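Here is the structure we will look at.
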There are 2 protein chains.
Amino acid sequence: METGRSLVDAVRERCGRCSGRSVSICNVIDDEDLPALVAESSRVTVPAGRCFIREGAPAHDFYVLAGGRAKLFSLMPDGRRQVMGFAELGDFLGLASSDTYAFTAEALGDVTLCRFPHSSIDRLVERFPRLRGRLQQEASSELVKMQARLMLLGRKTARERLASFLVEQASPCRLHGQELRDGHGPLTLPLPMSRTDIADYLGLTIETVSRTFGLFRKEGLITVQGASSVTLLAPGTLSDMANGIRKD
Amino acid sequence: METGRSLVDAVRERCGRCSGRSVSICNVIDDEDLPALVAESSRVTVPAGRCFIREGAPAHDFYVLAGGRAKLFSLMPDGRRQVMGFAELGDFLGLASSDTYAFTAEALGDVTLCRFPHSSIDRLVERFPRLRGRLQQEASSELVKMQARLMLLGRKTARERLASFLVEQASPCRLHGQELRDGHGPLTLPLPMSRTDIADYLGLTIETVSRTFGLFRKEGLITVQGASSVTLLAPGTLSDMANGIRKD
DNA sequence: CGAGCAGTTGAACTTGGTCAATGCAGGTGG
DNA sequence: CCACCTGCATTGACCAAGTTCAACTGCTCG
């Protein structure tokens, strides 16, 4: 249980700033319940690029993401892909759904998971009563985030989509509840996902994402360090653009 | 409470075939609990076109839709609209969310609602224990539906979107669980929403929706009676098209 | 050093959007 | 009862955002 101990610490440490931005995933880990909860689970480690949930497969287990990040997506028969979300430390995966998983989950880097059989939910909720409220609350906030994604995919331009994405990626990095404004200094983000993943998340092609990154760079809104790190030079402008308040 | 009685009957009668396709709305009415639940609520009637939930307003109450249909949407500052869903009899509105509503709800025709203060949820769940499970289950299935909508808005063509919409509208009309196949005869649907609403639901313009209806008509996939009634002549073909299996 | 891959850039093309004219039905008032 | 008005739907012509296809860059890893 040594790894269990450090896992608890890691999860606890990050819990305050989890964003829970992904599909059917909830930051439901309660500080006090956490050690016992982690002790209940079987631990799984997944190497980069491996799928640990497969769309359409029978949904026996659900997972808590305990290290690394994952992308969640579905495919159409001809290969078109839609990334539903990116899962972070503390997110719950595979809870929502019927008897089969609604999406595939693939490790972005190496990933650590706690696995629980679906059938144990009731028992867990009984043992950790606060879990129930957190689950409800997070399912609810997940629905609100989904609505923002519907607006993004249905109505926003490529620029607005990428700006929304950057602002969203920034939110776990800034202080809780603080607004994004220019002048609060530049904000550097890691982007652990590929351009292809970003494109499939935003309903665009990789080329459009790349071009739009280029435009933002030319316009002095961002700088790029390699392909997996961005600095937001004008977060407030990007935030306004994301919301359609500002066109450029 | 005379109206209460008939309301219960109406809701009960339709409950079996509710589709619950809308945002943060759940078909959570339990046959046995229903009369007492309805008796708890204050009744509201809303004329066609009136908004009874406003995006961004403080979320004091939640509603059960007890008659008619409503559209749920959000707006961007410049007026772009995204319709998040259409609410039907038995759907719950305004449950998911923080302290403000995430969308505007507008009556499509005349609408009847049961209103409950948000603060009474705990009490209701205590009194009707099965409500809790239904709420969870429906929130979960709502998330699954949302993922289908992300795929639609992010990756599907105009033809696929409209086909998906028609198939979705058809689902409450066919027998539970029955697949859509050609040869099961034509299927006539009411479309209580305007072309504009359909367009804003599908992330298209009204013109594209109109043109695509025209194409489907020319191709012998549908016939149209007025603007608010369609007959699916080849539901199986439409279903395949909706899923990207077939292009035409 | 070279292969392979992700990302970037450019040019042609396509889909769906924009703008504008026309059609159609329901409602109102003469 | 009919002319007119209004609002929604349809259709057409043109346009633009974003996609497609292809070449090229730069990086990492044998």
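All values reported here derive from a predicted model rather than from experimental measurement. A note on names: the letters A, B, ... follow the listed sequences, proteins ahead of strands, and every chain is numbered from 1.
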Problem - side-chain contact (heavy atoms from CB on, under 4.5 Å) assessment of A/L143 paired with B/L143 - result: CA-CA 7 Å; A/L143 280 171; B/L143 280 172; 3.8 Å; yes
Exercise for the section: Compare the minimum distances between each of C/dT18, C/dG10, C/dG7 and the side chain of A/E207, then state the nucleotide with the smallest one. Expected result: C/dG10
Can you measure [X] atom [atom1] to [N] atom [atom2] for me and round it to whole angstrom units?
X: B/I206; N: C/dG17; atom1: CD1; atom2: C1'; result: 13 Å
X: A/I198; N: C/dA6; atom1: CD1; atom2: C1'; result: 12 Å
X: B/K247; N: C/dT15; atom1: NZ; atom2: P; result: 11 Å
X: B/D200; N: C/dG16; atom1: CG; atom2: P; result: 17 Å
X: B/L162; N: C/dG16; atom1: CG; atom2: C1'; result: 14 Å
X: B/L204; N: C/dT18; atom1: CG; atom2: C1'; result: 14 Å
X: B/L202; N: C/dG17; atom1: CG; atom2: P; result: 11 Å
X: A/L191; N: C/dA6; atom1: CG; atom2: P; result: 17 Å

Problem - DNA chain D-proximal residues of residues 211-226 of chain B, any heavy atom under 4.0 Å - result: B/R211, B/R217
Exercise for the section: Answer yes or no: does a side-chain N or O of A/S210 lie under 4.0 Å from OP1 or OP2 of C/dG7? Expected result: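 Result: no.
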Exercise for the section: Report which part of the nucleic acid B/S194 touches: base, sugar-phosphate, or nothing (heavy-atom distance under 4.0 Å, all strands). Expected result: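 It contacts sugar-phosphate atoms only.
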Not counting sequence neighbours, which residues clear salt bridge (Lys or Arg N to Asp or Glu O under 4.0 Å) with [X]? List them please.
X: A/R80; answer: A/D78, B/E160
X: A/R195; answer: none
X: A/K71; answer: A/E106, A/D197

Handout entry: Qualifying residues under side-chain contact (heavy atoms from CB on, under 4.5 Å), relative to B/T196, sequence neighbours excluded
Key =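 Here the qualifying residues are B/S194, B/D200, B/I206.
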Handout entry: Under the side chain to side chain donor-acceptor pair (under 3.5 Å) test, residues paired with A/S74 that sit two or more places apart
Key = none
Handout entry: Covered region of DNA chain D, 5' end to 3' end, by chain A [heavy atoms, under 4.0 Å]
Key =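 Extent of the interface on DNA chain D: D/dG18 to D/dC21.
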Exercise for the section: List the atom of B/L108, the atom of B/A48, and the distance in Å for their closest heavy-atom pair. Expected result: O-CB, 4.0 Å
Only distances under 3.5 Å count here; give the side-chain donor-acceptor pairs of residues 223-234 of chain B to other protein atoms, sequence neighbours excluded, each with its distance to 0.1 Å.
unit_1, atom_1, unit_2, atom_2, d
B/T223, OG1, B/Q225, NE2, 3.1
B/Q225, OE1, B/S229, OG, 2.9
B/Q225, OE1, B/T231, OG1, 3.4
B/Q225, NE2, B/T231, OG1, 3.0
B/T231, OG1, B/T188, OG1, 2.9

Exercise for the section: Give every residue pair that meets the salt bridge (Lys or Arg N to Asp or Glu O under 4.0 Å) criterion with at least one member in residues 207-219 of chain A, sequence neighbours excluded. Expected result: A/R159-A/E219
